[in-house]
Protein chains: 2
Amino acid sequence: MLSKKTQYALYALTHLAKEYGKGPVLIGKIAEDEKIPKKFLEGILLELRNKGIVSSKKGKGGGYYLLKRPEEVTLVEVIRGFDGAIALLPCVSEKYYEECSSCKDEATCGIKSIMKEVRDKTVELLSNNTLADIILKENMLKNI
Amino acid sequence: MLSKKTQYALYALTHLAKEYGKGPVLIGKIAEDEKIPKKFLEGILLELRNKGIVSSKKGKGGGYYLLKRPEEVTLVEVIRGFDGAIALLPCVSEKYYEECSSCKDEATCGIKSIMKEVRDKTVELLSNNTLADIILKENMLKNI
DNA sequence: ACAAAGTCTACCTTATAAGTAGATTTTGTT
DNA sequence: AACAAAATCTACTTATAAGGTAGACTTTGT
């Protein structure tokens with residue numbers, strides 16, 4: 001399971017993607033619409049800002065806005081940024097690899113080989129989908 | 001990521017699968033071979049016993065052994081039994097479904113539709129693989 | 001000057017992961 | 001019957017992270 005933080009980040013980013021190019025959106029507006037605790041969301045947006053995905057404007061008329069284009073933000077980067085590895089086992093992770101503590105030979109480990117298939121498929125799906133795809137799917141589902 | 005508990009459970013079960021039909025295996029033997037803290041493993045094996053996957057024999061000559069056949073134990077049931085849901089979001093889980101707290105309409109939620117693809121693929125892979133498959137893959141990888 | 005925004009620092013509470021210690025019960029062997 | 005080898009049970013411990021809150025501070029448009 002993704003942490004609440006990651007889930008909220010995905011909903012907040014989708015919200016901002018829908019308002020892309022329309023100027024800053026208030027934290028309070030996002031929090032209310034997406035039902036995210038406001039103070040918690042503040043911290044999440046700050047993290048997204050540090051990662052260079054969103055930017056903000058202070059003072060009256062301020063708020064948050066997407067810095068990258070919606071087509072450029074993949075789900076995998078958001079999830080990795082908050083929760084870390086996608087893989088189910090450390091010995092199978094691309095970005096957070098750790099040597100297997102239990103098995104004698106990673107090259108012939110059967111568990112590893114299955115978990116690697118799972119990771120590859122998951123990464124594939126999460127890399128091929130961006131914020132733009134989320135909106136696209138939403139529109140497709142609505143118009144039919 | 002799977003919890004250590006689940007990881008250890010998978011390694012312990014694979015060990016027992018390799019000894020299937022050869023009588024009880026000592027906790028200490030499994031712990032040593034698979035590098036699992038013995039006391040921790042005790043608790044894991046007890047849980048696996050409550051789930052009806054393994055059984056045990058007390059006293060001299062005792063130990064643990066697989067109750068089901070290796071072909072009957074899927075990875076998905078082990079993982080679900082210890083860590084719970086496979087899905088990345090509660091609203092996409094088969095066995096641990098929870099209504100989405102944020103989205104207005106789950107039927108048209110774009111995030112949900114992508115996460116459902118991920119879950120379906122993961123469940124497919126983890127259901128189609130059993131302890132017997134782990135051993136099979138291991139042998140394949142070794143013999144070539 | 002003022003109010004509306006985001007920003008920063010510092011908390012809090014609860015649950016879970018991961019592991020340990022030691023007494024108890026069962027059972028095969030002598 | 002005695003003994004020792006096993007699993008079993010109860011009860012801790014310790015550390016970390018999740019999830020969230022409070023309030024003072026800074027920036028900026030009007």
Side-chain angles (χ1 to χ4, degrees), chain A residues 1-12 16 19 23-32 34-51 53-67 79 81-85 88-90 96 98 101-102, chain B residues 1-12 16 19 23-32 34-51 53-67 79 81-85 88-90 96 98 101-102:
Chain A
M1 283 279 190
L2 301 178
S3 65
K4 278 288 180 189
K5 210 168 181 175
T6 306
Q7 295 179 37
Y8 290 154
L10 290 174
Y11 284 105
L16 291 179
E19 306 292 321
V25 183
L26 294 184
I27 297 181
K29 168 73 172 155
I30 304 174
E32 196 185 346
E34 310 297 334
K35 288 162 202 136
I36 304 171
K38 186 175 172 232
K39 275 293 185 182
F40 197 24
L41 179 58
E42 280 184 19
I44 294 168
L45 288 169
L46 239 17
E47 280 192 66
L48 287 168
R49 190 165 144 278
N50 294 338
K51 294 181 208 300
I53 299 177
V54 305
S55 189
S56 60
K57 191 158 178 278
K58 281 184 168 185
K60 209 166 188 171
Y64 273 91
Y65 54 94
L66 211 56
L67 200 58
I79 294 176
F82 283 101
D83 279 357
L88 294 177
L89 295 180
Y96 302 83
E98 277 172 56
S101 56
S102 286
Chain B
M1 283 279 189
L2 301 179
S3 64
K4 278 287 179 189
K5 209 168 181 176
T6 307
Q7 295 178 36
Y8 290 154
L10 290 173
Y11 283 105
L16 291 180
E19 306 293 321
V25 183
L26 293 185
I27 297 180
K29 168 73 172 153
I30 303 173
E32 195 185 348
E34 309 297 334
K35 287 160 203 138
I36 304 171
K38 185 175 174 233
K39 275 294 183 181
F40 197 23
L41 178 58
E42 281 185 18
I44 293 169
L45 289 169
L46 239 16
E47 280 192 64
L48 287 168
R49 189 164 145 277
N50 294 336
K51 295 181 207 302
I53 300 177
V54 304
S55 188
S56 61
K57 191 157 178 278
K58 280 184 168 186
K60 207 163 190 174
Y64 274 91
Y65 55 93
L66 209 56
L67 200 57
I79 294 175
F82 284 101
D83 279 358
L88 294 177
L89 295 180
Y96 301 83
E98 278 173 55
S101 56
S102 287

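In what follows, every chain begins at residue 1, and chains take the letters A, B, ... in the order their sequences are listed.
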**Asked** Is there a side-chain contact between A:P90 and A:Y96 (heavy atoms, below 4.5 Å)?
**Response** no
**Message:** Tell me every residue that passes ring-ring contact (aromatic ring centres under 6.0 Å, His included) with B:Y8, counting only those two or more places apart in sequence or in another chain.
**Reply:** B:F40
**Message:** What is the separation between atom OH on A:Y64 and atom C1' on C:dA4, rounded to the nearest whole Å?
**Reply:** 15 Å
**Request:** Mind checking B:G63 for me? I need base, sugar-phosphate or nothing, with any heavy atom below 4.0 Å counting as a touch.
**Result:** sugar-phosphate
**Request:** Please identify each residue that fulfils side-chain hydrogen bond (donor to acceptor under 3.5 Å, both in side chains) with A:S101, with sequence neighbours left out.
**Result:** none
**Prompt:** How would you list, by chain and number, every residue that makes a side-chain hydrogen bond (donor to acceptor under 3.5 Å, both in side chains) with A:E47, sequence neighbours excluded?
**Reply:** A:K5
**Request:** Could you pick out which residue, A:L2 or B:I27, lies toward the 5' side of DNA chain D when each is mapped onto its nearest nucleotide?
**Result:** B:I27
Considering only nitrogen or oxygen atoms on both sides, find all protein atoms under 3.5 Å from nucleotides 11-15 of chain D and state each distance.
none

**Asked** Between C:dA18 and B:Y8, is there an OP1 or OP2 to side-chain N/O distance shorter than 4.0 Å?
**Response** no
**Asked** Is the shortest heavy-atom distance from the side chain of A:T6 to the side chain of B:L88 under 4.5 Å?
**Response** no
**Item:** Spacing between B:L48 atom CG and D:dA7 atom P, to the nearest angstrom
**Value:** 14 Å
**Prompt:** Within this structure, what is the CG-to-C1' distance between B:L46 and D:dA6, rounded to whole angstrom?
**Reply:** 13 Å
**Item:** Test item: A:L16 and A:L48 side chains (from C-beta on) under 4.5 Å apart, heavy atoms
**Value:** no
**Request:** In whole angstrom, give the distance that lies between atom OH of B:Y65 and atom C1' of D:dA6.
**Result:** 14 Å
**Closest heavy-atom pair and its distance - B:L41, B:A31** = CD2-N, 3.6 Å
**Request:** Let me know the distance between NZ of B:K4 and C1' of C:dT20, rounded to the nearest Å.
**Result:** 17 Å
**Asked** Of all residues at least two apart in sequence or in a different chain, which pass the side-chain hydrogen bond (donor to acceptor under 3.5 Å, both in side chains) check with A:S102?
**Response** none
**Which nucleotide in C:dG6, C:dT7, D:dG29 has an atom nearest any side-chain atom of A:K57** = D:dG29
**Prompt:** Considering the terminal five base pairs at each end of the helix from C:dA1-D:dT30 to C:dT30-D:dA1, what angle separates the two local helix axes, rounded to 10°?
**Reply:** 0°
**Message:** Using the salt bridge (charged side-chain N to carboxylate O under 4.0 Å, His left out) criterion, which residues pair with A:K29? Sequence neighbours excluded.
**Reply:** A:D33
**Message:** Determine whether A:V54 and A:L67 satisfy the following criterion, side chain to side chain contact (heavy atoms under 4.5 Å, CB included), listing intermediate values before the conclusion.
**Reply:** CA-CA 5 Å; A:V54 305; A:L67 200 58; 5.5 Å; no
**Message:** What is the separation between atom CG on A:L45 and atom P on C:dA5, rounded to the nearest whole Å?
**Reply:** 15 Å
**Message:** Which residues pass the side-chain contact (heavy atoms from CB on, under 4.5 Å) test with A:E32, not counting sequence neighbours?
**Reply:** none
**Prompt:** Think A:K51 forms a cation-pi with A:F82, using NZ or CZ under 6.0 Å from the six-ring centre and within 45 degrees of its axis?
**Reply:** yes
**Asked** Between A:S56 and C:dT7, is there a side-chain N or O to OP1/OP2 distance below 4.0 Å?
**Response** yes
**Prompt:** When the distance from NZ of B:K5 to P of C:dA17 is rounded to whole Å, what number comes out?
**Reply:** 7 Å
**Contact list for DNA chain D against residues 34-42 of chain A - heavy-atom distance below 4.0 Å** = A:P37, A:K39, A:F40
**Complete:** With sequence neighbours left out, the residues meeting side-chain contact (heavy atoms from CB on, under 4.5 Å) with A:E42 are A:I27, A:K38, A:K39
**C:dT7 OP1/OP2 closer than 4.0 Å to side-chain N/O of A:R49** = yes
Mind listing the N/O atom pairs, protein and nucleotides 1-5 of chain D, below 3.5 Å?
none

**Message:** What is the distance, to the nearest angstrom, from the CE atom on B:M1 to the C1' atom on C:dT16?
**Reply:** 17 Å
**Complete:** The side-chain contact (heavy atoms from CB on, under 4.5 Å) partners of A:E19 (sequence neighbours excluded) come to A:H15, A:K22, A:V25
